[in-house]
K.L.:
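This is the structure I have questions about; it appears just below.
All heavy atoms count here, side chains included; hydrogens, waters and symmetry mates do not. Owing to the predicted nature of the structure, the values given are computational and were not obtained by experimental measurement.
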Amino acid sequence: MSTDAQVRPEQAPEPAAPGKQPRAATATGAPAARHRPEIQGLRAVAVLLVVFFHLWPTELSGGFVGVDVFFVISGYLITDHIHRETQRTGTLSLRRFWARRIRRLLPASLLVLALSAVATVTLLPATEWANTARQLAASALYVENWALADDAVDYMAQDNAPTLAQHYWSLSVEEQFYVLWPVLVLAIVVLGRRAWIRWSTRRLLAGGIAVLGAASLTWSIIATNADPAAAYFVTPTRIWEFAAGALLALLAVRPARRGIVRALIAAAGLAAIVVAGVAYDGATLFPGWVALLPVLGTVAVMAAGPTKRRFAPHWWLTRRPVTFVGDISYSVYLWHWPLIVVLPHVTGTELRWGDKLGIFAATLVLAWLSKVYVEDPLRTRTFLAAAPWRSFAFAVAGMAVVVAGTVAVTNDLDRREAEAEERAEAVLSADAVAEPCVGPAALAPGSDCDPIGSGPLIPPPEIAVEQNRRSDYQECQQAITEPDVIRCEKGYTGPDPKRVIAVVGDSHATHWLPAIELIGESSDWTIVTYLKSSCPVTAARRELDSEQTGEAADSCDRWVREVRDDIAADDTISMVLTSSYTTAYDFTDARGTEFDDPAHDGFAPIWQEWTDSGKDVVVLRDVPPTQGEYVPTCLSAHPGDVIDCATSAAGLPDDAAVVEAQRLDDPKVHVVDLTDRFCDDEYCYPVVGDIIVYRDYSHLTREYAAALAPVLGERLNQAMTPED
């Protein structure tokens with residue numbers, strides 16, 4: 001097998017996301033007579049955009065467009081290679097093609113994943129092990145983009161800490177492209193042999209890819225506007241970027257003969273990439289149509305080709321320092337992100353300028369070493385290249401090793417969780433929670449207990465953070481963008497319950513269910529739930545401070561109307577218990593209704609409808625805020641000083657629903673406030689009586705919610721009992 005400097009027509013070109021540049025093809029499908037180092041320089045531009053964006057996100061807020069540059073280059077090179085092979089042989093060996101991709105991409109990527117797994121269990125807090133293990137496995141199997149897309153639409157997963165494997169999403173997209181694209185091309189070639197089709201193979205390929213690209217771009221625009229967080233990662237929204245490069249390879253576009261014109265076109269293309277890198281940011285609806293700027297910019301640079309004009313883009317892109325970065329760009333991409341994630345855990349501080357420069361230098365060194373001693377030898381030596389099955393065996397073995405490591409970590413966490421549940425069950429028994437200093441009793445009036453406690457944390461921080469992923473009541477909570485009502489029954493489910501209570505609200509109502517269900521079981525109350533992520537039950541339109549505002553707010557409006565009517569019409573319900581994360585929302589005037597004070601007045605009309613139907617309404621004050629601190633991670637980072645994760649009890653924000661309930665002065669609208677079991681005069685605690693209070697930054701752990709059952713039950717009864 002020849003080296004990269006002597007690539008034969010039948011050999012695979014290097015992949016677009018970072019790698020070494022092959023010879024280009026001519027319009028006739030023969031190997032080009034000259035090397036095109038400007039594409040290698042374009043790779044350097046792309047990877048530097050990504051790296052600098054990750055290191056300095058505010059200074060280069062749109063550097064993520066470097067990934068799109070890679071996608072275009074990949075579509076160009078791979079399609080050019082496949083077409084030349086089909087022209088030369090009349091077919092395409094999928095086995096040989098995929099084997100070359102394996103030898104080119106997997107050695108370095110699996111090495112970085114394996115070392116990332118080791119770094120995870122040795123350098124990262126245990127609270128990040130489970131999520132990192134899942135993403136390492138997804139990356140080893142090249143489905144990380146779909147895993148991140150799933151997290152993007154999972155309300156409880158949106159605040160997960162970045163993992164060491166998160167950047168593998170783009171490599172997953174590329175691998176999926178490498179698997180599917182040659183099959184598509186081969187199918188079109190076979191179709192082209194039909195006698196009734198008179199187009200050349202090149203024209204047929206170009207036509208088919210153009211249709212596919214147009215469909216993908218259309219879907220990208222629609223999906224990006226509907227759900228930009230998920231659309232960013234999924235493969236269908238990115239196919240058109242590969243197709244843009246593919247069409248350039250097939251059509252062999254040369255925009256002008258004169259060098260000065262080509263230089264200007266290349267300069268305009270490079271400028272488009274840079275403008276996108278500087279002007280775009282996290283608020284940009286991307287990819288969608290705005291991705292056309294970096295994509296068409298990349299096409300322009302590649303289509304312009306080389307010129308002899310000094311200081312033209314070709315001159316800059318072909319300087320040796322630039323092409324050197326292009327040569328190692330694949331490894332640069334692999335190494336930079338794990339270093340960015342790990343270093344703050346090692347130093348205990350946020351990244352400073354010196355740290356970032358050190359990461360950049362270390363990335364270049366590691367990238368060069370892995371290319372010279374891992375990528376190149378395993379790609380060119382005959383051990384793997386002698387037969388395709390060896391490459392496939394290497395891929396299976398390497399992936400299996402990484403996945404097995406992640407399974408071991410997950411199994412260990414499962415064991416810890418089982419042990420934690422046994423201990424929690426013992427500690428949270430009816431007798432134990434009545435004892436002083438256990439759970440919320442540690443903050444009872446007149447208590448002499450240490451509010452935090454002195455024993456092992458219940459549950460351990462790494463188990464607490466996992467409750468977001470495996471909530472006991474997630475099946476009863478509607479998703480953030482879905483409008484249909486889900487109703488569950490909990491507590492006492494036998495005949496003739498003493499009371500039927502509706503629990504209504506967003507996830508800050510859901511997290512009370514461990515307590516409410518226990519109360520229902522002990523009091524013969526049936527609990528019916530009406531719950532939806534990020535949707536307080538108010539007539540005002542609530543707006544999120546995120547890109548999901550439009551669709552989420554629309555579905556919330558529809559859901560609230562149906563819940564309001566269902567509860568009012570249900571004569572079996574005697575009490576409605578509602579709670580919500582009101583401090584997280586901006587309330588606006590509902591459509592068609594003018595509110596003087598939307599944040600407050602939106603609740604009253606709904607409560608009035610319920611009380612008019614004979615029901616009591618209990619407003620449960622929301623839990624004290626943690627000022628955005630991810631509590632289990634903080635506790636894991638400060639094992640000997642829990643108070644470092646506490647927040648001040650001074651100046652707690654008002655709960656808009658509570659303020660409205662108190663202002664109404666309606667005998668059938670009640671307020672229950674348990675703030676005294678979270679805070680004393682000085683602190684609001686992350687741990688109370690050995691029990692971790694929050695599983696993230698604002699949601700209760702199931703253990704602390706369950707421990708509050710006696711207190712909540714007592715105060716519900718007090719609220720419902722008329723005073724003498």
K.L.:
Is a donor from one side chain sitting under 3.5 angstrom from an acceptor on the other, for T323 and R320?
P.N.:
yes

K.L.:
Going by atom types alone, do T132 and T120 pair a side-chain donor with an acceptor below 3.5 Å?
P.N.:
no

K.L.:
So, are R43 and D327 salt-bridged, with charged N and O less than 4.0 Å apart?
P.N.:
no

K.L.:
Any luck finding a side-chain donor-acceptor pair between S172 and W146 under 3.5 Å?
P.N.:
no

K.L.:
State which residue, out of W56, F52, W335, fulfils the ring pair (Phe, Tyr, Trp, His ring centres under 6.0 Å) condition with F360.
P.N.:
F52

K.L.:
Should the heavy atoms of other residues, nucleotides or ligands under 6.0 Å from CD of E350 be counted, would the total exceed 12?
P.N.:
no

K.L.:
Do L205 and I82 touch side chain to side chain, with heavy atoms closer than 4.5 Å?
P.N.:
no

K.L.:
Could you tell me whether W169 and Y232 have their ring centroids closer than 6.0 angstrom?
P.N.:
yes

K.L.:
Rounded to the nearest 0.5 Å, what's the gap from CG on L49 to CZ on F64? Could you check?
P.N.:
10.5 Å

K.L.:
Would the distance check show the side chain of N145 and the main-chain N or O of F233 forming a donor-acceptor pair, the cut-off being under 3.5 Å?
P.N.:
yes

K.L.:
Report yes or no: do D68 and T298 form a side-chain donor-acceptor pair below 3.5 Å?
P.N.:
no

K.L.:
Could you check I239 against W181 for side chain to side chain contact (heavy atoms under 4.5 Å, CB included), going step by step and ending with a plain yes or no?
P.N.:
CA-CA 10 Å; I239 288 296; W181 201 254; 4.2 Å; yes

K.L.:
Judged by modelled atom types alone, do T127 and Y630 share a side-chain donor-acceptor pair under 3.5 Å?
P.N.:
no

K.L.:
For residues T237 and W219, determine if any side-chain heavy atom of one lies less than 4.5 Å from a side-chain heavy atom of the other.
P.N.:
yes

K.L.:
Under 4.5 Å between any side-chain heavy atoms of S391 and W98, yes or no?
P.N.:
no

K.L.:
Strictly below 4.0 Å, N to O, side chains only: are E375 and R104 in salt-bridge contact?
P.N.:
yes

K.L.:
Counting only heavy atoms not in R95, do more than 12 sit closer than 6.0 Å to its CZ atom?
P.N.:
no

K.L.:
Rounded to the nearest 0.5 Å, what separation is found between the CE atom of M399 and the OG atom of S109?
P.N.:
7.5 Å

K.L.:
Less than 4.5 Å apart, side chain to side chain, heavy atoms only: is that true for L171 and Y330?
P.N.:
yes

